[in-house]
A.B. asks: 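Can you read through this structure? Questions will come right after.
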Amino acid sequence: MAEVIFEKENKEPFGVLLVSLYFSANEAEEAEKSLEELKALAQTALIGQEEECEFFYLTQCRPSPEAATYIGVGKMEEAAQLCENHNIQLVIFDCELSPSQIRNLENGISPKDSKLRVIDRTMLILDIFAHHAVTGEGKLQVEIAQLKYTAPRLTGKGIEMSRQGGASSSGSVGARGPGETKLETDRRHIKRRIASLEEQLETLENTRDTMRKQRRKSNIPVVAIVGYTNAGKSTLLNYLTNAGILAEDKLFATLDPTVRKLELPSGFEVLLTDTVGFINNLPHGLVKAFKSTLDEAKYADILLILIDASDENAQMKTEVTEKTLAELGAGGKPTIYVFNKCDRLDQIPERSSVGDKKAVFVSATTGYGTDELLSIIEGELGASQKKLTFLFPFSDGGKLDTLYSKATVLSVDYTENGTLVEAMADSKISGMLEKYIVK
């Protein structure tokens, strides 16, 4: 696995400095909100160390980043003073830094004899994913993303990383030439490791794809819960299906998708799945690594966009979710907006739609509104499928096979007149088998 971004050896109090750069006065408020989200990410990464940790903030408004250090000279001095005065051991930038910027920042703001570490937003999110991946596939996806991000950012650390092999160091006959540095060796090792991991991941992705195709052949509709991280996706899945998966009030508590059967009020069954949470500026490497996982949304029949109704930034987070879905090729699907955590509101607003899409207020904790949600899901499915009763004479067994392969069979009863079948079928199938419909 890639290196751990931050590790303390004792329980002494320490500081964490969060740094943000914005480019005009109009962006100040947005930068402040992004820093609060960065703090929540840091708290998730530093779980178990909250009592020893104190957060500090540093912001700067300038037309463009400083090439060498991202922030200007004056802010570098201010950051160095903060680190000196408050035992700051971790500095997190709300952006993506280059390898040289990280090196220059660590050299420029670290107090003497300090083990201060500078990281960026992407490194922080990758670290959280690494801690929360549970399944083999999830761990592979995270490690690939980490290594691809780390490889070009390996930097030499003194003579150890520049030491070369060859005749000059080993004196071996036949080992002439400059040899290669430890840095080059590490990069070559990472490249081999990535290739091996991608081969393993491809095997798992093929398995997931096969399972997905089998589900689609069964004609059981798939409903995917999507949304910003910590909106309550796992909690809702647990309430509706008794899935028993981890659900905690922190960012990216669960990464691995779970699929469960869900029975609607009519008795019709669907498959309900959750997905990894979205976040603003989700690292591209993670989107690519988690492609097979995120494809659960792409291949779903209905999307439930889950929104934290108690969050003052709900609109922005909904826009991020919609943008991410569009990038995944999952935009334009039948969608229901589900405003969760309404038990935290003083008053539940009256709202039945978002644009031309259905909307419902629920509490995945208390169950409020979930009956209405199930009815809306059933209504959306009913727009394309209807519950029909077919009677097939015993001589037309082939037609029954067609129904099994093209529709969702709910019940079968063998009578003296033939096989009586209740099924959910779309207009195409009902047209093909119209003469067998009795109800």
Side-chain angles (χ1 to χ4, degrees), residues 1-21 34-35 37-60 65-66 68-71 75-132 142-143 145-158 160-161 182-183 186-187 190 251-252 281 283 285-286:
M1 243 353 224
E3 62 179 321
V4 176
I5 61 163
F6 180 68
E7 196 168 24
K8 278 184 84 267
E9 297 178 354
N10 52 54
K11 291 286 185 179
E12 293 179 4
F14 68 99
V16 176
L17 178 61
L18 307 177
V19 184
S20 175
L21 181 70
S34 187
L35 268 185
E37 182 171 85
L38 190 69
K39 179 183 177 182
L41 286 167
Q43 288 172 325
T44 300
L46 296 168
I47 199 76
Q49 303 182 57
E50 302 92 334
E51 293 183 5
E52 307 107 64
C53 175
E54 184 178 1
F55 287 91
F56 299 88
Y57 300 87
L58 185 68
T59 60
Q60 182 176 29
E66 172 66 36
T69 56
Y70 195 75
I71 54 176
K75 286 296 177 181
M76 281 279 289
E77 294 175 355
E78 187 178 339
Q81 194 64 52
L82 280 168
C83 293
E84 179 75 39
N85 295 341
H86 300 285
N87 187 30
I88 288 173
Q89 297 183 24
L90 182 63
V91 180
I92 309 173
F93 278 71
D94 195 18
C95 63
E96 189 166 303
L97 298 171
S98 70
S100 60
Q101 285 173 335
I102 292 174
R103 184 173 61 251
N104 293 336
L105 285 163
E106 287 184 343
N107 292 336
I109 65 179
S110 297
K112 190 176 181 181
D113 300 324
S114 168
K115 294 184 178 180
L116 180 143
R117 184 79 195 272
V118 174
I119 65 171
D120 60 21
R121 182 186 180 92
T122 299
M123 294 166 73
L124 180 63
I125 294 175
L126 286 170
D127 183 72
I128 294 170
F129 271 56
H131 280 86
H132 291 176
V142 172
E143 187 173 356
Q146 279 188 315
L147 291 174
K148 285 187 173 181
Y149 186 79
T150 301
R153 286 167 168 76
L154 284 177
T155 55
K157 295 182 179 179
E160 178 195 350
M161 294 296 279
K182 186 176 185 303
L183 183 60
D186 287 349
R187 283 180 174 155
I190 287 176
L251 305 185
F252 299 117
N281 299 321
L286 277 178

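This one's a predicted model, so the numbers in the text were calculated from it and none came from an experiment.
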A.B. asks: Given Val118, which of Leu90, Val19, Ile92, Val91 fulfils the side-chain contact (heavy atoms from CB on, under 4.5 Å) condition?
C.D. replies: Val91

A.B. asks: Not counting sequence neighbours, which residues clear side-chain contact (heavy atoms from CB on, under 4.5 Å) with Gln81? List them please.
C.D. replies: Asn85

A.B. asks: My understanding is that only residues two or more places apart in sequence, or in another chain, count here; which of them pass side-chain hydrogen bond (donor to acceptor under 3.5 Å, both in side chains) with Thr69?
C.D. replies: none

A.B. asks: Atom OG1 in Thr150, atom CG in Asp186: separation rounded to 0.5 Å?
C.D. replies: 11.5 Å

A.B. asks: Atom CG in Leu58, atom CG in Leu18: separation rounded to 0.5 Å?
C.D. replies: 10.0 Å

A.B. asks: Under the rule for salt bridge (Lys or Arg N to Asp or Glu O under 4.0 Å), what residues qualify as partners of Glu84, not counting sequence neighbours?
C.D. replies: none

A.B. asks: For Gln101, what residues pass the side-chain contact (heavy atoms from CB on, under 4.5 Å) criterion, not counting sequence neighbours?
C.D. replies: Tyr70, Leu97, Ser98

A.B. asks: Checking Ser110 now: which residues fulfil side-chain hydrogen bond (donor to acceptor under 3.5 Å, both in side chains) with it, not counting sequence neighbours?
C.D. replies: none

A.B. asks: Does the Asp94 side chain pair with the main chain of Leu38, one donor and one acceptor, at a distance under 3.5 Å?
C.D. replies: no

A.B. asks: May I ask you to decide whether Glu106 forms a salt bridge with Lys115, counting only side-chain N to carboxylate O separations under 4.0 Å?
C.D. replies: no

A.B. asks: For Phe56 and Gly15, work out which heavy atoms get closest and say how close.
C.D. replies: CE1-CA, 4.1 Å

A.B. asks: Rounded to the nearest 0.5 Å, what separates atom NZ in Lys39 from atom OG1 in Thr44?
C.D. replies: 12.0 Å

A.B. asks: Work out which heavy atom in Cys95 is nearest to a heavy atom in Asp120; give both atom names and the distance.
C.D. replies: O-CB, 3.0 Å

A.B. asks: So do the side chains of Leu21 and Thr59 get within less than 4.5 Å of each other, counting heavy atoms only?
C.D. replies: no

A.B. asks: For residues Ser34 and Arg121, determine if any side-chain heavy atom of one lies less than 4.5 Å from a side-chain heavy atom of the other.
C.D. replies: yes

A.B. asks: With Glu77, which residues qualify under side-chain hydrogen bond (donor to acceptor under 3.5 Å, both in side chains), at least two apart?
C.D. replies: none

